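For clarity, every value in this text was computed on a predicted model and none was experimentally measured.
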Amino acid sequence: MINFFIQLNHVTQACIATLFTWGVTALGAALVFLFKKVNKNVMDAMLGIASGVMIAASFWSLLSPAIEMAENLKMIPWLVVFFGFFCGGLLLFVGDIFFKKISKKKDFSNNKVKRCLMLIFSITLHNIPEGLAVGVAFGSIAYGLEGATLISACLLALGIGIQNFPEGTAVSVPLRREGLSRKKAFWFGQLSGIVEPISGVIGAILVLKIRLLLPFLLSFAAGAMIYVVVEELIPESQTNKKKNLMALFTLVGFSVMMILDVALS
């Protein structure tokens with residue numbers, strides 16, 4: 001099975017990897033069939049671990065290869081990486097502002113379906129750059145950059161998959177509380193992750209077809225991921241009463257990803 005995956009082209013690998021992250025989203029959403037309430041400590045610990053993994057991956061799997069590729073292409077490394085990194089975070093920042101404005105203009109207090117759609121839109125917005133990051137990571141393997149390896153790309157997909165599990169639950173369980181059936185709550189929960197395979201394939205194709213875009217796309221994905229971690233994952237995990245322990249889980253996630261990426265790259 002491993003040899004089969006290794007022999008696939010990088011676009012197909014990105015597709016399979018992001019189908020995995022989507023599948024984990026669906027798995028998290030499926031908890032709505034088993035529980036009325038999910039243990040908050042477990043969910044926050046998973047968010048903490050995922051935060052650490054994604055922070056480490058942003059450097060070793062995305063920014064470091066971006067700097068190396070920019071140097072190889074005779075670009076100004078710090079300028080390209082800064083521009084891409086800032087644009088990645090800025091895109092999500094603008095998207096969040098747009099989402100909040102729509103929420104204020106429309107009254108969703110008496111409309112269950114519209115409330116559900118707005119919740120899904122919010123989660124989906126953050127899943128797009130995550131899928132893109134995985135796709136770019138797999139596409140960059142073709143250029144033989146230091147840090148851009150199959151192992152690091154797979155670890156990145158695993159880290160995103162870990163944080164997708166509580167995200168799927170975070171959509172389906174509240175929708176169930178809103179009165180939706182378990183099937184509908186699950187459907188909307190997994191639907192929030194469907195954009196990841198799409199953006200993942202697009203990211204891999206862009207990297208392979210337009211080599212000059214690679215430094216920008218790698219740093220763009222890193223900026224978007226850091227924004228998600230700082231704006232969403234860490235603040236959510238820190239709402240836990242055991243916030244110090246949750247911070248420790250973030251360090252554990254970072255350390256594991258760092259060790260695996262450096263030792264196995």
Atom CG in Leu155, atom CD1 in Ile160: separation rounded to 0.5 Å?
11.5 Å
I need the Leu208 CG to Ser140 OG distance, nearest 0.5 Å.
9.0 Å
Find out if a path of hydrophobic residues (ILVMFWY) with successive side-chain heavy-atom gaps under 4.5 Å connects Ile205 to Leu217.
no
Looking only at non-hydrogen atoms, find the nearest pair between Gly84 and Ser219 and report the distance.
CA-OG, 3.4 Å
Taking it one step at a time, do Val94 and Ile97 satisfy side-chain contact (heavy atoms from CB on, under 4.5 Å)?
CA-CA 5 Å; Val94 172; Ile97 292 178; 5.7 Å; no
So do Phe249 and Asp44 actually touch side chain to side chain, heavy atoms under 4.5 Å?
no
For Val228, does its backbone N or O pair with a side-chain atom of Glu231 as donor and acceptor, under 3.5 Å?
no
Using a 3.5 Å distance criterion without hydrogens, assess whether the side chain of Ser199 forms a donor-acceptor pair with backbone atoms of Pro129.
no
Closest approach of Pro77 to Ala70 (non-hydrogen atoms, all atoms of both residues)
CA-CB, 3.8 Å
Please give me the minimum heavy-atom distance between Phe5 and Gln13, naming the atom from each residue.
O-NE2, 2.9 Å
Provide the closest heavy-atom pair for Lys243 versus Gln238 in the form atom of the first, atom of the second, distance.
O-NE2, 3.0 Å
Mind checking whether Phe186 and Phe33 have parallel, tilted or perpendicular rings, split at 30° and 60°?
tilted
First locate atom OG of Ser58, then atom CZ of Phe254, and finally report the distance between them rounded to the nearest 0.5 Å.
9.5 Å
Any side-chain heavy atom of Val136 sitting closer than 4.5 Å to one from Phe220?
no
Looking only at non-hydrogen atoms, find the nearest pair between Phe59 and Pro65 and report the distance.
O-CD, 4.0 Å
For the student: nearest non-hydrogen atoms of Val53 and Gly159, plus distance
CG1-CA, 3.3 Å
Passes side-chain contact (heavy atoms from CB on, under 4.5 Å), Thr18 versus Trp22? Steps please.
CA-CA 6 Å; Thr18 45; Trp22 177 26; over 6 Å; no
Just wondering, are more than 12 heavy atoms of other shown residues or ligands nearer than 6.0 Å to CZ in Phe83?
no
Treat each ILVMFWY residue as a node, draw an edge where side-chain heavy atoms are under 4.5 Å apart, and state whether Leu27 and Leu34 are in one component.
yes
Would one find more than 12 heavy atoms of other residues, nucleotides or ligands at under 6.0 Å from atom CD1 of Ile76?
no
Set out, in order, the CA-CA distance, both residues' side-chain angles and the distance that settles side-chain contact (heavy atoms from CB on, under 4.5 Å) for Met246 and Leu47, then state yes or no.
CA-CA 8 Å; Met246 298 305 123; Leu47 288 175; over 6 Å; no
If you round to the nearest 0.5 Å, how far is CG of Leu156 from CD1 of Ile151?
13.5 Å
If Ile, Leu, Val, Met, Phe, Trp and Tyr residues are connected whenever their side-chain heavy atoms lie under 4.5 Å apart, and connections chain through other members, are Leu62 and Phe86 in the same group?
yes
Is the closest side-chain heavy-atom distance between Glu196 and Val134 below 4.5 Å?
no
When rounded to the nearest 0.5 Å, the distance separating CD1 of Ile16 from OG1 of Thr21 is 12.5 Å
May I have the step-by-step check of side-chain contact (heavy atoms from CB on, under 4.5 Å) for Val207 and Tyr143, ending in yes or no?
CA-CA 10 Å; Val207 166; Tyr143 300 107; 3.7 Å; yes
Separation of Leu213 CG from Leu206 CG (nearest 0.5 Å)
6.5 Å
Validation row: Phe165, Leu31 side chains within 4.5 angstrom (heavy atoms):
yes
Check whether any side-chain N or O of Asn127 sits under 3.5 Å from a backbone N or O of Ser192 as a donor-acceptor pair, and report yes or no.
yes
Any side-chain heavy atom of Val81 within less than 4.5 Å of one from Phe216?
no
Looking at side-chain heavy atoms only, is the closest gap between Leu251 and Leu248 below 4.5 Å?
yes
